[in-house]
Amino acid sequence: FFISLLAATIINKDLNLQFRLSPLVLIPLASIATNVFLLVTISRHRRHIKSILWFGIFLICNLFWAMADIITFLAANRETGLFARAFVLIPALIGVASVIIFFSDTSSDKEDAPIGPRILMLINAFFYFVVALGTNIIFLRQPEALISRAWGYEINVGPYSILYLLWTQI
């Protein structure tokens with residue numbers, strides 16, 4: 001993940017990424033440690049838990065979200081904050097789909113659940129991802145629109161951000 005940051009900085013000379021130290025980085029580091037512990041634990045007992053693949057995908061999404069939070073907390077300028085917030089979209093959208101699939105699989109008595117609803121969930125997540133990154137409908141994607149906070153830069157929401165919030169928060 002951090003190698004991709006370095007590669008993006010080298011490839012794109014116009015990208016002005018600046019970082020500063022922040023003690024808030026300890027929070028996502030604790031999240032990373034917890035999620036890695038859970039992944040190792042469930043990988044040892046994967047035969048005993050139904051649909052563990054989807055829960056594992058959810059935990060991996062949490063890892064990526066924590067890495068994006070690290071970059072956000074270390075961001076020293078708006079451009080770096082915007083760069084970091086783009087990484088949150090993937091784990092948010094795919095993570096929600098995977099946890100919904102996990103809960104539906106574990107609450108069902110069927111051994112072979114139909115694949116159609118799973119595909120629709122992932123297509124829906126991909127649609128939100130493309131709309132959120134490609135337009136200003138859900139998030140305002142200009143560095144000037146970011147709000148400076150004590151913990152880093154917060155992205156400003158667009159006119160239809162309620163769709164994203166409904167998908168990821170409910």
Side-chain angles (χ1 to χ4, degrees), residues 1-9 15 17-46 48-107 118 121-122 124-126 128-133 138-141 143 145-157 161-170:
F1 184 72
F2 290 103
I3 293 172
S4 67
L5 272 176
L6 180 61
T9 306
L15 195 60
L17 300 180
Q18 296 176 3
F19 299 96
R20 62 184 162 88
L21 290 177
S22 173
L24 293 172
V25 170
L26 296 174
I27 297 168
L29 285 176
S31 174
I32 289 172
T34 303
N35 284 298
V36 166
F37 172 77
L38 288 173
L39 279 169
V40 168
T41 302
I42 65 170
S43 69
R44 291 182 180 173
H45 304 288
R46 68 176 168 245
H48 305 293
I49 302 172
K50 184 180 172 185
S51 303
I52 204 66
L53 169 70
W54 294 106
F55 188 66
I57 291 170
F58 172 70
L59 292 176
I60 291 168
C61 288
N62 286 341
L63 286 171
F64 282 109
W65 192 313
M67 289 180 207
D69 279 347
I70 288 172
I71 299 168
T72 301
F73 292 150
L74 295 176
N77 64 359
R78 292 178 189 275
E79 203 168 289
T80 308
L82 185 63
F83 180 77
R85 295 326 288 169
F87 286 107
V88 171
L89 288 175
I90 299 169
L93 298 173
I94 301 298
V96 169
S98 65
V99 81
I100 290 171
I101 292 169
F102 170 73
F103 283 129
S104 70
D105 280 358
T106 55
S107 65
R118 295 175 183 181
M121 281 289 237
L122 295 174
N124 190 17
F126 181 73
Y128 275 106
F129 173 70
V130 169
V131 169
L133 275 183
I138 296 177
F139 297 112
L140 300 179
R141 306 280 312 143
L146 267 69
I147 303 165
S148 179
R149 303 280 189 216
W151 59 83
Y153 288 93
E154 188 176 304
I155 197 162
N156 224 344
V157 294
S161 61
I162 190 70
L163 299 174
Y164 174 79
L165 292 174
L166 287 173
W167 175 250
T168 60
Q169 304 299 323
I170 294 179

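This is a predicted model, so every value here is computed, not measured.
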Which residues pass the side-chain hydrogen bond (donor to acceptor under 3.5 Å, both in side chains) test with Ser98, not counting sequence neighbours? none
CD1 (Ile162) and CD1 (Ile138) are apart, to the nearest 0.5 Å, by 11.0 Å
Compare all side-chain heavy atoms of Leu39 with those of Leu63 and state whether any distance is below 4.5 angstrom. yes
Find out whether Val40 and Arg44 are in side-chain contact, i.e. whether some heavy atom of one side chain is under 4.5 Å from a heavy atom of the other. yes
Nearest heavy-atom contact between Gly81 and Ala75 is N-CB, 3.8 Å
If every non-hydrogen atom of Leu74 is compared with every non-hydrogen atom of Leu21, which pair is closest and at what distance? CD2-CA, 4.1 Å
Nearest heavy-atom neighbours spanning Gly95 and Cys61: N-SG, 3.5 Å
With rounding to the nearest 0.5 angstrom, report the CG to OG1 distance, Leu29 to Thr34. 10.5 Å
Rounded to the nearest 0.5 Å, the CD1 atom of Ile147 sits from the CZ atom of Arg78 at a distance of 8.5 Å
Does Asn62 have any side-chain hydrogen bond (donor to acceptor under 3.5 Å, both in side chains) partners at least two apart in sequence or in another chain, and if so, which? none
Do you know which two heavy atoms are closest between Phe58 and Val99, and how far apart they sit? CD1-CB, 3.8 Å
Going from CG on Leu26 to OG on Ser31, what distance comes out if it is rounded to the nearest 0.5 angstrom? 12.5 Å
Let me confirm one number: the CD1-CZ distance from Ile57 to Phe102, rounded to the nearest 0.5 Å. 11.5 Å
Check for a donor-acceptor pair, side chain of Thr80 on one end and backbone N or O of Ala76 on the other, with a separation under 3.5 Å. no
